[in-house]
Amino acid sequence: MATFLYRLGRFSFRRRRLVALLWVVVLAACAFAAAKAPTAPEDGFSMPGTESQKAFDLLDQRFPGSSSNSADARIVFVAPEGQKVTAGPNKAAVEKIVADVAGGDQVKGALDPFKMAGAVSKDGTTAYSTISYTVQNVDLTTATTDALEDAAKAGRDAGLTVELGGSALVADAELGGTTELVGVAAAAVVLLITFGSLAAAGLPLLTAIVGIGVGVASIVAIGMSTTTTTLALMLGLAVGIDYALFIVSRYRTERADGHAAEEAAARAVGTAGSAVVFAGLTVVIALAGLSVVGIPVLTKMGLAAASTVVIAVLVAMTLLPALLGFFQKAVLPRTERRARGGQRARQDRPNLGTRWARSVIRRPLAVLVLGILGLGLISVPALDLQLGMPGDESKPTSTTQRRAYDALADGFGPGFNGPLTVVVDAKSAKDPKAAAAQAARQLTATKGVVATTPPAFNEAGDTAVITAVPSTGPSTEATTELVHTIRDEARDLKSRSGATMLVTGATAVNIDVSQKVTDALVPYLALVVGLAFLLLMVVFRSLLVPLKAALGFLLSVTAAFGTIVAVFQWGWLADALGVEQTGPVMSMMPIFLIGVVFGLAMDYEVFLVTRMREAYVHGERPGEAIVTGFRHSARVVGAAAVIMIAVFAGFIGMDDSMIKMMGVGLAAAVFFDAFVVRMTIVPAVLALLGDRAWWLPKWLAKVVPEVDVEGEKLSHGGPEAARPEARRDPVGV
């Protein structure tokens with residue numbers, strides 16, 4: 001591995017103009033293809049195998065022309081204090097507003113609240129109109145969304161309180177490019193401080209931008225939707241900077257050791273580049289493993305992000321050494337650019353990483369116990385983890401969606417914001433109407449249901465839809481239990497009438513998502529951790545080092561879950577972080593957090609521990625190897641972690657609660673993993689294990705391939721001058 005990458009780095013350095021030109025051509029071609037590609041349809045959120053999805057599929061089949069994915073909006077009208085919305089002037093204003101909205105090009109229908117049963121509250125103060133559209137929310141035109149805003153303004157001008165909700169407004173909460181710009185700016189500052197050179201700080205940013213440019217443009221060009229690019233953009237930026245950071249740092253080290261620019265670039269790619277390849281593979285495993293969840297949109301996001309990571313690795317292996325050829329001296333510290341003597345002595349001078357490693361290995365047991373207890377204490381709230389899909393109730397009160405939610409809850413009850421759609425498939429029943437009527441009576445008698453609508457049949461008369469309103473809010477545990485109760489009662493209906501009853505709707509979908517993700521957690525963890533264990537066993541030729549890496553990851557990710565629960569469920573520091581409403585954790589957050597953090601955690605593990613093993617196999621004692629690894633890698637690993645924390649912390653300032661939750665969870669996880677696990681617990685464990693850390697049974701050593709990640713074959717003048725007999729490879733029986 002090291003020899004091949006050494007030659008690739010040397011070739012890229014020598015033919016730097018050709019390599020740079022090729023990447024410019026690739027970037028331009030991908031950008032051109034993306035610009036010419038037709039707009040991809042938005043990914044529908046489907047979950048094959050769940051009851052809610054079966055119900056949606058049945059609705060699309062039996063009610064042709066009424067797509068379950070079409071956008072909808074809700075206009076909520078509240079009369080002034082002491083008045084009723086049914087009063088003459090108020091009623092006239094509402095009817096005019098609804099009629100104006102109904103005339104829109106993309107509007108399928110707008111229901112008049114005064115002609116629809118149950119659309120006016122019992123006290124007469126609140127009313128709502130439901131607007132249905134012919135397209136999905138991403139296909140709504142500006143004119144259509146502006147019509148909603150104009151309707152709200154007209155109502156307010158008439159003296160009413162008017163708020164808007166529904167999927168037609170979802171696009172307003174989507175993440176824009178500000179966060180990415182903040183992340184790039186933070187990365188630039190950290191890189192400049194770390195390297196003390198504009199060129200050294202600029203190269204990782206430049207290569208990361210090229211990588212995500214090629215990756216995202218390719219995703220768009222092959223017809224994937226824009227939502228698929230979110231994770232790819234985030235991780236492409238993250239790993240692109242990280243990978244280039246480590247290779248540039250190694251190049252500077254090789255130059256300090258007296259190597260010429262070409263040799264230093266080749267060695268940097270052969271050694272640090274080998275670590276980059278295997279670190280990238282762990283990220284790809286974690287992202288591709290999202291396929292086991294069984295949610296198509298999550299699978300697409302994972303595969304798209306994985307492809308971007310692969311591109312980031314290719315850029316680091318080829319474009320970066322080519323650019324080093326253009327900036328051979330500019331990337332070096334100022335003192336080294338002026339004089340070439342004495343660099344080695346300065347490099348060997350103890351730095352902060354060296355002093356920290358020595359302090360840890362002096363008292364490894366105490367450090368280990370303290371680190372585990374600290375993360376364990378932070379992880380305690382994770383025992384109360386509750387999954388759900390936060391809706392408009394979790395949005396800030398400054399948003400119209402949240403105010404519409406509150407107005408409906410005040411006027412009609414908390415369950416009105418999460419109605420259940422019950423589909424009665426009576427095709428096999430002897431009397432479909434009687435079966436649907438029986439289903440309606442059964443629903444009405446169910447504890448927790450406060451209202452039901454009469455069955456609405458399709459044209460064929462074999463399928464009916466009933467809306468059931470719970471007494472509790474959509475994200476409460478009581479509503480989840482109600483859905484399970486109705487599904488259990490469906491078996492009785494089937495046995496008595498022959499009709500099948502399915503529960504769907506936004507609330508039921510959220511419940512099914514939570515259950516599906518929960519069921520997939522253990523298989524997903526087993527897959528990614530198992531494959532990564534095998535990969536790290538090849539990298540480090542050890543059994544205990546990969547095991548320690550996996551256990552350390554579990555510590556950091558559970559501590560991150562504890563932080564999320566403490567903030568978003570319990571409300572700790574909620575005001576400081578701008579969390580206005582506590583509630584369940586987003587259903588896909590655990591699987592998403594595990595996938596992203598596992599990849600980044602293994603990055604830090606590979607980069608830090610590879611330098612330790614490199615020193616160990618070159619003859620240093622275990623304790624000395626730990627100190628050497630920290631002297632060379634601690635600073636860049638710390639810089640990489642700070643960059644990631646800054647990037648993810650940028651999400652905390654967003655209004656959307658789910659994006660805010662992602663920011664808190666990812667920033668906390670990276671902090672715990674990089675600074676507590678990798679830089680504190682890892683050296684303590686390795687110090688306690690000593691030589692045993694690098695032990696591999698003899699029979700397994702014969703099977704595990706030799707990949708030479710530490711670059712032993714490069715340590716004596718190049719690939720052809722390797723001396724395998726100098727290598728210390730501890731194996732046992």
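These numbers come from a predicted model, not from an experiment. Nothing fancy with the numbering, it's 1 onward along the sequence.
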Heavy-atom donor-acceptor pair, [X] side chain to [Y] backbone, under 3.5 Å:
{"X": "T207", "Y": "P204", "result": "yes"}
{"X": "R267", "Y": "Y6", "result": "no"}
{"X": "Q515", "Y": "D512", "result": "no"}
{"X": "S514", "Y": "S587", "result": "no"}
{"X": "T680", "Y": "F675", "result": "yes"}
{"X": "S633", "Y": "L608", "result": "no"}
{"X": "W694", "Y": "L543", "result": "no"}
{"X": "E620", "Y": "T628", "result": "no"}
{"X": "K660", "Y": "L577", "result": "yes"}
{"X": "S249", "Y": "L245", "result": "no"}

Is [Y] close to [X] at the side-chain level, that is, under 4.5 Å between some pair of heavy atoms?
{"X": "L233", "Y": "L237", "answer": "no"}
{"X": "P364", "Y": "P683", "answer": "no"}
{"X": "R611", "Y": "F246", "answer": "no"}
{"X": "Q386", "Y": "E477", "answer": "no"}
{"X": "R541", "Y": "R613", "answer": "yes"}
{"X": "L686", "Y": "V545", "answer": "yes"}
{"X": "Y616", "Y": "I626", "answer": "no"}
{"X": "V636", "Y": "R250", "answer": "no"}

Over 12 foreign heavy atoms within 6.0 Å of CZ, F4: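 No, the 6.0 Å shell around CZ holds no more than 12 heavy atoms from other groups.
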Once you round to the nearest 0.5 Å, how far does [atom1] of [X] lie from [atom2] of [Y]?
{"X": "I285", "Y": "F533", "atom1": "CD1", "atom2": "CZ", "value": "13.0 Å"}
{"X": "L555", "Y": "I378", "atom1": "CG", "atom2": "CD1", "value": "10.5 Å"}
{"X": "E263", "Y": "R255", "atom1": "CD", "atom2": "CZ", "value": "11.5 Å"}
{"X": "F672", "Y": "I645", "atom1": "CZ", "atom2": "CD1", "value": "9.5 Å"}
{"X": "I361", "Y": "E624", "atom1": "CD1", "atom2": "CD", "value": "9.0 Å"}

Counterpart residues, ring-ring contact (aromatic ring centres under 6.0 Å, His included), relative to F592 (two or more places apart):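 Applying ring-ring contact (aromatic ring centres under 6.0 Å, His included) to F592 gives none.
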From CA spacing to verdict: side chain to side chain contact (heavy atoms under 4.5 Å, CB included), H632, F607: CA-CA 10 Å; H632 290 297; F607 289 127; over 6 Å; no
If you take all heavy atoms of [X] and [Y], which pair is closest and at what distance?
{"X": "A312", "Y": "G240", "result": "CB-CA, 4.2 Å"}
{"X": "A667", "Y": "A649", "result": "CB-N, 4.2 Å"}
{"X": "A275", "Y": "T610", "result": "CB-OG1, 4.2 Å"}
{"X": "A382", "Y": "V565", "result": "CA-CG2, 4.2 Å"}
{"X": "M589", "Y": "M661", "result": "CE-O, 3.5 Å"}

Applying the side chain to side chain contact (heavy atoms under 4.5 Å, CB included) criterion to Y604, which one of V677, V682, V609, V670 satisfies it?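 Result for side chain to side chain contact (heavy atoms under 4.5 Å, CB included) with Y604: V670.
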Taking only residues at least two apart or on different chains, which pairs with a member in residues 542-564 satisfy ring pair (Phe, Tyr, Trp, His ring centres under 6.0 Å)?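 Pairs touching residues 542-564 that pass the test: F553-F598.
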I'd like to know whether M679 forms a side chain to side chain contact (heavy atoms under 4.5 Å, CB included) with V360, so could you lay out the CA-CA distance, the side-chain angles of the two residues, the decisive distance to 0.1 Å, and finally the verdict. CA-CA 9 Å; M679 291 194 178; V360 170; over 6 Å; no
I'd like to know whether V276 forms a side chain to side chain contact (heavy atoms under 4.5 Å, CB included) with L5, so could you lay out the CA-CA distance, the side-chain angles of the two residues, the decisive distance to 0.1 Å, and finally the verdict. CA-CA 11 Å; V276 164; L5 293 178; over 6 Å; no
Show your working on side chain to side chain contact (heavy atoms under 4.5 Å, CB included) between T308 and I219 and close with a plain yes or no. CA-CA 9 Å; T308 306; I219 292 170; 3.8 Å; yes
Verify side-chain hydrogen bond (donor to acceptor under 3.5 Å, both in side chains) between T271 and E614, making sure each step is shown before the conclusion. CA-CA 9 Å; T271 52; E614 181 178 342; 5.6 Å; no
